[in-house]
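Quick notes on the structure that follows.
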There are 2 protein chains.
Amino acid sequence: MMSPAAARSAVLSIGALSQRTGCNIETIRYYERIGLMPPPPRTAGGHRSYAKSHERRLVFIRRCRELGFSIEEVRVLLDLVDGGHYSCGEVKAVTDRHLEDLRAKIADLKKLQSTLATISAACNGGQVPECPIIDTLYPNTD
Amino acid sequence: MMSPAAARSAVLSIGALSQRTGCNIETIRYYERIGLMPPPPRTAGGHRSYAKSHERRLVFIRRCRELGFSIEEVRVLLDLVDGGHYSCGEVKAVTDRHLEDLRAKIADLKKLQSTLATISAACNGGQVPECPIIDTLYPNTD
DNA sequence: ATCAAACCTGTAGTCACTACAGGTTCAAGC
DNA sequence: GCTTGAACCTGTAGTGACTACAGGTTTGAT
């Protein structure tokens, strides 16, 4: 159990929090503005004072974002966690929907890549003022 | 060779162009504003009058966008085409750089999917107030 | 006290659109 | 010709997720 003095030594400025979490200062303020992060206490001079719990929350947010969850999805997950009595099923539902989105996006990109690779392969990159890529994409005169 | 009267019958309003190309009216105006599309002639009442050549250009733009080229990449390609004496190599360079971006993006998404699938698989979606997903993503108390 | 770095709030910009608001034009129907 | 609704116009602002200032204040070292 930390003593009050020891707890006070764990206080972080926004710059320190930024460094510890790899999250941009301005992004941290953005997250506060949109409600993902609670407004922290301030110094007498108006500077934000973050506790360890703030840091842990921000790490969670960043991990979710890195995994591609949208801000809204992160918000839903945080609401579940904040409520303190979420079910594992609710979390899994959000996660699996996101997984589905990822799969669809990958399939989409693969199709694009395949199409583009086919078009590009028809071009040997010469100096001729014609190009199969342009010829494919630019409609002919009717 | 179309007669002047026949050429005049090929004139499209912006709504007609939107329908023929599947490109939103407001997006067409946006493309004009950012210079991808040239400003077309106007009717006496100020309405835009698009020729067939405008339509072909817009189809090209839409195809490139659908393939994931950024607006700037489309702009580069259009500059090449507009110059009229581009080399196939220049076009291929833009295209292959885009292909590389696509490949990187796919690899990135696959990694995310794999990570997330692993995390999600640890969750059987029950009613317990604990969740391996949250446990993985939310830092523990130090 | 001085000074540079860190911080603050507010505003605006990025990218590629998308959605109005308020007004004008067009064309069909009477 | 008049009416009316649809289509069009310009200008502005919003979307999502940041990111970058400007101009001012606070902090901490010297």
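All chains are named by letter (A, B, ...) in the order of the sequence lines, taking the proteins before the strands, and each is independently numbered beginning at 1. Just so it is clear, the values below take in all heavy atoms, side chains as well, and ignore hydrogens, waters and symmetry mates.
Nearest-nucleotide positions on DNA chain C place His47(A) closer to the 5' end than the other of His47(A) and Thr27(B). Map Asn24(A) and Gly46(A) each onto its nearest nucleotide of DNA chain D; the residue landing nearer the 5' end is Asn24(A).
Taking 4.0 angstrom as the limit, Arg33(B) places none of its side-chain polar atoms (N or O) nearer than this to OP1 or OP2 of dT10(D). Note on Arg42(A): every side-chain N or O is 4.0 Å or more away from OP1 and OP2 of dT25(D). A close approach under 4.0 Å does not occur between any side-chain nitrogen or oxygen of Thr43(A) and OP1 or OP2 of dT26(D). In terms of phosphate contacts, Ser70(A) brings no side-chain nitrogen or oxygen within less than 4.0 Å of OP1 or OP2 of dG16(D). Phosphate contact (OP1/OP2 of dC17(C), side-chain N/O of Arg65(B), threshold under 4.0 Å): present.
Looking at heavy-atom distances under 4.0 Å, Tyr31(B) makes contact with sugar-phosphate atoms alone, never a base.
Contact check on Glu100(A) versus Arg97(A) returns no salt bridge, with no Lys/Arg side-chain nitrogen under 4.0 Å from an Asp/Glu carboxylate oxygen.
Residue-to-nucleotide contacts include a donor-acceptor pair under 3.5 Å from the side chain of Glu26(A) to the base of dC21(D).
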Output side-chain donor-acceptor pairs under 3.5 Å for residues 107-117 of chain B, partner residues at least two apart or in another chain, one line each.
{"from": "Thr115(B)", "atom 1": "OG1", "to": "Lys111(B)", "atom 2": "O", "distance (Å)": "3.0"}

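Candidate nucleotides dC8(C), dC17(C), dC18(D) were compared by shortest atom distance to the side chain of Arg29(A), and dC8(C) ranks first.
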